[in-house]
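Remarks on the structure that follows.
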Amino acid sequence: MHKQDQQEVLDNKGFKKQQELLEVKGLKTYFYMEDNKVAKAVDDVDFTINKGETLAIVGESGSGKSITSLSIMRLIQSPPGKIVEGSIKLEGKDLLKLSDSEMRKVRGNDIGMIFQEPMTSLNPVYTIGNQIAESLIKHKKMKKKEAYKRAIELLKLVGFARAEEIVNEYPHQLSGGMRQRAMIAIAMSCDPKLLIADEPTTALDVTIQAQILDLMIEMKEKFESSILLITHDLGVVAEVSDRVLVMYGGQIVEEAPVHELFTNAKHPYTEGLLASIPNIDADIERLESIPGVVPPAHRFPKGCRFAPRCKHVMNKCNEANPDLLEFDSKHKVRCYLYED
Ligand code: ADP
Ligand code: MG
């Protein structure tokens with residue numbers, strides 16, 4: 001675990017300073033399609049993740065969340081995709097400048113990842129124990145016996161009471177929630193500094209969803225790591241994140257601490273997302289949804305990318321895309337309504 005990295009750093013006034021783990025700057029990931037079309041899936045994205053922090057990226061399907069996380073892992077299929085600009089610094093080291101073999105080490109040791117459907121990342125022909133042990137042997141240079149012992153410990157840590165039996169079982173023998181637990185055990189086996197979770201609970205029943213989120217937070221604390229949580233579900237965001245980025249059309253349209261976002265949302269898109277959360281306390285169902293759809297990344301409008309769906313649209317919104325501006329020090333918004 002990362003004790004030595006987590007020493008308190010004080011600024012010149014003696015206040016505890018938050019330490020940056022990941023810094024993404026000016027990231028552009030484009031797909032070059034047939035007929036010379038270019039899909040700007042991620043189009044000039046900046047953000048940071050501090051040590052120990054859970055940062056959420058939220059937005060409807062097609063807004064660029066997964067391509068952002070795959071860019072960090074350098075798992076963009078090329079061609080047709082390409083990271084065309086920007087930097088992705090993990091503790092100051094630019095991942096975009098690493099060789100493929102150095103990047104493989106980063107994936108095994110520094111960044112763990114879990115996806116929506118664990119069946120696609122678990123190998124059906126190997127036992128759960130084998131898959132955890134494999135990662136420990138490869139990245140932590142453990143001997144086989146030691147690796148299996150650690151695999152059982154990790155399975156216990158993620159909540160398997162029958163860990164000694166689960167090591168010998170195959171992915172198809174587990175339920176969806178159990179598979180996601182096993183994926184978390186694999187992701188944590190490398191003791192990552194950053195855990196990227198892309199829609200980790202979307203495929204699960206509601207009751208299991210909460211357990212998996214709790215487990216992720218528990219693991220984050222235990223391993224002293226940070227989390228990048230990607231979800232289309234603001235309910236999930238409210239439960240576990242510290243800070244939120246709202247993405248639309250390959251860009252960040254709002255950024256705020258989680259409480260601020262839920263009490264003082266600025267962007268009409270964020271307001272729309274908030275209004276579409278089902279409220280179980282409300283007497284009448286007042287579920288609103290935002291009319292229209294997310295534009296495909298090869299056909300963004302000239303002005304604000306949300307303008308065609310926005311109920312506050314003004315003339316200038318159709319002319320040029322607004323910049324992401326600081327509303328106050330921790331709250332940023334990309335919208336002409338807040339320009340002075
Ligand atoms: P999200 O995870 O937010 O649902 P993605 O990051 O997967 O969205 O995708 C964002 C957009 O990038 C998509 O809507 C699509 O327009 C574009 N895109 C993704 N993959 C490709 C691809 N292989 N070819 C062309 N466009 C793509
Ligand atoms: Mg996605």
Side-chain angles (χ1 to χ4, degrees), residues 22 24 26-47 49 55-86 88 111-121 180 183 187 195-204 209 212-213 216 227-237 241 244-255 261 267 269-270 272-273 276-277 289-290 292-302 304-309 321 324 334:
L22 186 83
V24 174
L27 180 67
K28 294 186 179 177
T29 305
Y30 292 177
F31 290 88
Y32 295 87
M33 305 157 70
E34 288 159 28
D35 329 327
N36 294 323
K37 282 186 195 136
V38 181
K40 301 181 173 179
V42 175
D43 198 16
D44 202 4
V45 162
D46 295 317
F47 64 90
I49 304 179
L55 178 76
I57 303 184
V58 63
E60 290 163 291
S61 177
S63 50
K65 307 181 300 295
S66 292
I67 302 299
T68 299
S69 68
L70 291 170
S71 301
I72 295 170
M73 294 292 272
R74 273 184 45 191
L75 291 173
I76 297 293
Q77 199 194 356
S78 177
K82 190 171 191 272
I83 298 177
V84 293
E85 251 181 74
I88 301 174
I111 310 180
M113 189 155 183
I114 57 174
F115 300 93
Q116 175 170 340
E117 186 32 78
M119 260 330 235
T120 57
S121 25
Q180 203 56 297
M183 268 314 297
L195 175 66
I196 299 181
D198 190 348
E199 306 275 4
T201 61
T202 303
L204 304 174
Q209 282 186 8
I212 294 295
L213 289 175
M216 281 174 41
I227 296 180
L228 176 61
L229 172 66
I230 290 180
T231 175
H232 68 280
D233 182 350
L234 266 174
V236 165
V237 167
S241 49
V244 188
L245 307 177
V246 181
M247 251 187 118
Y248 190 83
Q251 298 186 317
I252 293 166
V253 297
E254 186 157 10
E255 170 181 341
L261 192 92
H267 200 286
Y269 179 58
T270 314
L273 289 178
S276 58
I277 302 179
S289 61
I290 312 164
V293 289
V294 178
H298 62 275
R299 228 176 27 226
F300 291 138
K302 172 170 144 224
C304 169
R305 293 175 185 182
F306 186 62
R309 303 172 72 186
N321 195 7
L324 182 66
R334 186 189 293 280

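Side chains included, hydrogens not; waters and symmetry mates left out as well; all remaining heavy atoms used. Since this is a predicted model, take the numbers as computed values, not measurements. Every number for a ligand or one of its atoms is a count from 1 in the order of the listing.
Taking the side chain as every heavy atom from C-beta outward, V294 and S61 never approach each other to under 4.5 Å. Under the 4.5 Å side-chain criterion, counting only non-hydrogen atoms from C-beta, I111 is in contact with M73. Between L55 and L22 the shortest side-chain heavy-atom distance does not fall below 4.5 Å.
Protein residues having a heavy atom under 4.0 Å from any atom of ligand 1 are F31, M33, A39, A41, E60, S61, G62, S63, G64, K65, S66, I67, A297, listed by chain and number.
Judged by distance alone, the side chain of D233 and the main-chain N or O of G235 form a donor-acceptor pair under 3.5 Å. Looking at D46, its side chain does come within 3.5 Å of a backbone N or O of G26 through a donor-acceptor pair.
Within the 2.8 Å limit, S66 places at least one N, O or S atom next to the Mg ion (ligand 2).
Each of E199, E60, K65 was scored for a side chain to side chain donor-acceptor pair (under 3.5 Å) with H232, with one residue passing: E199.
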